[in-house]
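Have a look at the structure below, then the notes.
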Amino acid sequence: MTNHLYDALFAPHAENDATLFTRPDAAPMSYRAFIARVGQMAHALTRAGLKPGDRVVVQAEKSVEMVMLYGATIRAGGVFLPLNTAYTHEEVSYFVTDAAPRLLVCDPAQAEGLSDIAQGVGAQILTLDAEGNGSLTEGMDALPEAFDTVAREAGDLAALLYTSGTTGRSKGAMLSHENLLSNTRALIDLWRITSGDTLIHALPIFHTHGLFVALNTSLLAGAQVHFLRSFDKDAIFSALPQATTLMGVPTFYTRLLDDPRLTREATAGMRLFISGSAPLLAETHVAFTERTGHRILERYGMTETNMNTSNPYDGERRAGTVGQPLPGVEVRLTNPETGEAVPEGEVGMIEVRGPNVFSGYWQMPEKTAEELRENGFFITGDLGQMSADGYLSIVGRAKDLIITGGYNVYPKEVEDVLNDLDGISESAVFGVADADFGEAIVAALVALPGAEIDLPATEVAVGEKLARFKHPRRYVVLEALPRNTMGKVQKNLLRERYA
Ligand code: MLC
Ligand code: AMP
């Protein structure tokens with residue numbers, strides 16, 4: 001039986017005694033031990049009723065058991081669907097209803113609250129806590145390590161990752177085995193990742209960056225992973241001497257730069273620092289080089305496509321650019337209105353095509369048709385410019401999107417919540433520059449005639465509905481929103497005024 005992704009990333013390590021995971025608070029785990037647990041977990045999943053093609057939703061704290069769950073889901077022919085741990089009950093309910101999974105894996109503390117919603121779609125709940133305990137792993141020791149891997153082909157679904165959209169409704173991006181594998185192959189080649197590497201892993205594992213870019217490349221190369229629960233400066237500084245690579249969002253790098261421990265000596269053993277998910281300011285790039293001698297390698301990707309472009313390993317890593325298209329990936333710049341290619345050197349909508357590009361949004365054919373052209377090009381919503389020697393710069397976004405600390409927030413989703421609240425007539429949510437998170441969220445509110453807006457009550461209501469990272473950090477109450485002659489809210493004016 002062949003299973004396209006499992007056979008490449010996991011199966012070759014069944015007898016590999018090299019270390020896969022080290023952690024500050026636990027013994028090292030070898031590849032061999034990890035794969036044995038993946039086999040046992042695959043049995044646990046099939047016993048719980050998982051059939052090929054079924055979705056496995058997981059909202060759980062970062063743990064190596066959650067990585068095993070990824071491997072076991074793929075091995076059992078399932079579709080992995082991780083969710084941000086910050087999502088509220090209401091947000092999780094939407095995803096579960098939309099994806100109709102067979103299994104819902106959550107923290108034990110959430111199990112009761114989610115039982116109705118799971119029942120509604122016929123899903124079984126299993127639990128997994130931050131230490132890897134729960135009904136998912138209970139009794140797993142007694143299950144066989146050998147498991148007949150379920151056959152899956154290149155085009156079969158491997159993962160469903162939700163990404164929010166301009167309409168305020170999240171869409172599940174369908175990623176196939178080959179979407180993930182082709183990108184992993186391109187990246188380990190380009191970034192020279194080998195079994196001699198040790199990656200410091202401090203990203204969450206519910207998004208493309210920490211899950212696929214960081215873990216898939218490590219698994220394919222047989223590298224070691226120093227697995228941290230989250231971004232923790234002290235843990236990173238103590239790991240640096242034993243590590244060779246770090247992957248992070250720009251906030252990682254600005255926070256490291258804020259610390260006097262970041263020096264040439266501290267990073268002498270490191271081979272590569274990679275940044276992505278949000279724009280890395282050219283000044284951060286330059287400051288990092290001055291302090292450490294390392295040139296951060298910036299790359300550009302998305303949930304729907306994995307990675308599209310990267311600065312080179314050997315050539316110039318040009319600050320303020322996201323480098324060149326990956327081998328096999330085509331990038332073109334088009335006029336957003338006509339879809340025609342723009343003249344060389346001009347700003348255009350970034351469109352990408354390649355084996356990395358997803359096949360569409362889960363049960364949303366209209367949305368898919370709007371963003372994925374019949375000729376295979378995906379319309380990213382990012383605006384870019386290509387230099388004469390082929391370096392892409394992202395110069396803006398055609399989509400109304402805020403990226404805060406590497407998390408995407410679509411203003412429409414927050415505005416919808418605000419507009420429903422008592423006393424509020426309308427709102428405009430926008431991003432302003434923030435030294436730590438890159439962008440921070442501000443909400444401008446307009447009261448209904450004769451009403452007064454209760455800001456503390458507004459904050460509480462937003463807190464019940466939306467994940468913390470989507471909350472406005474500042475509210476301003478205005479008489480009216482600035483609008484152009486077409487009646488469209490001028491967010492650029494708001495951004496300038498509240499910068
Ligand atoms: C945490 N908070 C955030 C936040 N992260 N608020 C806005 N934006 C964020 N990103 C909240 C906390 O809940 C807390 O709220 C307050 O801000 C301070 O938290 P902190 O302790 O300073 O934050 P920390 O836990 O250290 O997290 C910051 C971070 C983290 C940057 C390390 O957000 C992170 O790991 N981001 C990575 C996101 C990521 O993986 N993106 C990849 C997407 S894939 P309170 O209640 O205390 O006020 C993708 C494709 C691609 O984009 O190309 O890769
Ligand atoms: P997500 O939907 O979370 O996958 O986020 C994808 C978006 O992140 C892209 O469409 C870009 O807007 C942004 N992004 C990713 N990498 C970079 C980068 N290196 N520079 C600027 N923006 C980036």
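All ligand and atom numbering here is 1-based and tracks the order in the structure. None of the values given here were measured: they were computed from a predicted structure.
The N/O atoms of E304, backbone and side chain alike, include none that comes under 3.5 Å of an N/O atom in ligand 2. Polar contact check, S275 against ligand 2: no nitrogen or oxygen pair lies under 3.5 Å apart. Between T303 and ligand 2, at least one pair of N/O atoms sits closer than 3.5 Å.
With hydrogens and angles ignored, the 3.5 Å screen pairs a side-chain donor or acceptor of N419 with a backbone N or O of S427. No donor-acceptor pair closer than 3.5 Å links the side chain of D436 to the backbone N or O of R255. In terms of modelled atom types and a separation under 3.5 Å, the side chain of R291 and the main chain of L262 share a donor-acceptor contact. Remark: the backbone N or O of R192 is paired with a side-chain donor or acceptor of R271 at under 3.5 angstrom. Between the side chain of K399 and the main chain of T380, a donor-acceptor pair closer than 3.5 Å is present.
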Would you mind writing out the side-chain donor-acceptor pairs for residues 400-411 within the sub-3.5 Å range, not counting sequence neighbours?
| residue | atom | partner | partner atom | Å |
| --- | --- | --- | --- | --- |
| D400 | OD2 | K491 | NZ | 2.7 |
| T404 | OG1 | E439 | O | 3.3 |

Under 3.5 Å, sequence neighbours excluded: what are the donor-acceptor pairs made by side chains of residues 208-215?
| residue | atom | partner | partner atom | Å |
| --- | --- | --- | --- | --- |
| H209 | ND1 | S277 | OG | 2.8 |
| H209 | ND1 | R299 | NH2 | 3.4 |
| H209 | NE2 | R299 | NH2 | 3.4 |

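Within the 4.0 Å heavy-atom criterion, the part of S277 lying near ligand 2 is the backbone and not the side chain. The proximity of A278 to ligand 2, defined as any non-hydrogen pair under 4.0 Å, is limited to the backbone. Contacts between H207 and ligand 2 below 4.0 angstrom, taking non-hydrogen atoms only, are absent altogether.
When A398, P279, P250 are checked for heavy-atom proximity to atom 22 (N) of ligand 2, P279 turns out nearest.
Between E91 and K470 there is a salt bridge, since a side-chain N of the basic residue sits under 4.0 Å from a carboxylate O of the acidic one. One finds a salt bridge joining D234 and R261 here, because a Lys/Arg side-chain nitrogen approaches an Asp/Glu carboxylate oxygen to under 4.0 Å. A salt bridge between E415 and K412 is absent, with no side-chain N of the basic residue lying under 4.0 Å from a carboxylate O of the acidic one.
Every atom of ligand 2 with a heavy atom of E298 under 4.0 Å away is listed here by number and element: 18 (C), 19 (N), 20 (N). Within the listing of ligand 2, atoms 18 (C), 19 (N), 20 (N) sit less than 4.0 angstrom from a heavy atom of V322. Set against the non-hydrogen atoms of I394, the atoms of ligand 2 under 4.0 Å away are 20 (N), 21 (C), 22 (N).
For residues 64-73, the set of pairs meeting the salt bridge (Lys or Arg N to Asp or Glu O under 4.0 Å) definition, not counting sequence neighbours, is empty.
A heavy-atom separation below 4.0 Å is not found between H209 and ligand 2. At a 4.0 Å cut-off, not a single heavy atom of T208 sits close enough to ligand 2 to count as contact. Ligand 2 has at least one atom lying under 4.0 Å from a heavy atom of K399.
From the protein, the heavy atom lying nearest to atom 12 (O) of ligand 2 is D382 OD1, 2.6 Å. Remark: minimum distance from atom 5 (O) of ligand 2 to any protein heavy atom is reached at N408 ND2, 2.8 Å. Distance from atom 13 (C) of ligand 2 to its nearest protein heavy atom, with residue and atom name: I403 CD1, 3.5 Å. Residue, atom and distance of the protein heavy atom nearest to atom 6 (C) of ligand 2 are G301 O, 3.6 Å.
Each of L203, P204, H207, H209, F231, V249, T251, F252, R255, S277, R299, G301, M302, M307, T404, G405, G406, Y407, F437, R468, F469, R473 has a non-hydrogen atom positioned under 4.0 Å from some atom of ligand 1.
The number of heavy-atom neighbours closer than 6.0 Å to NZ of K62, taken from other residues, nucleotides and ligands shown, is above 12.
Taking the six-membered ring where tryptophan is involved, the planes of F95 and Y87 are tilted, since the angle between them lies from 30° to 60°.
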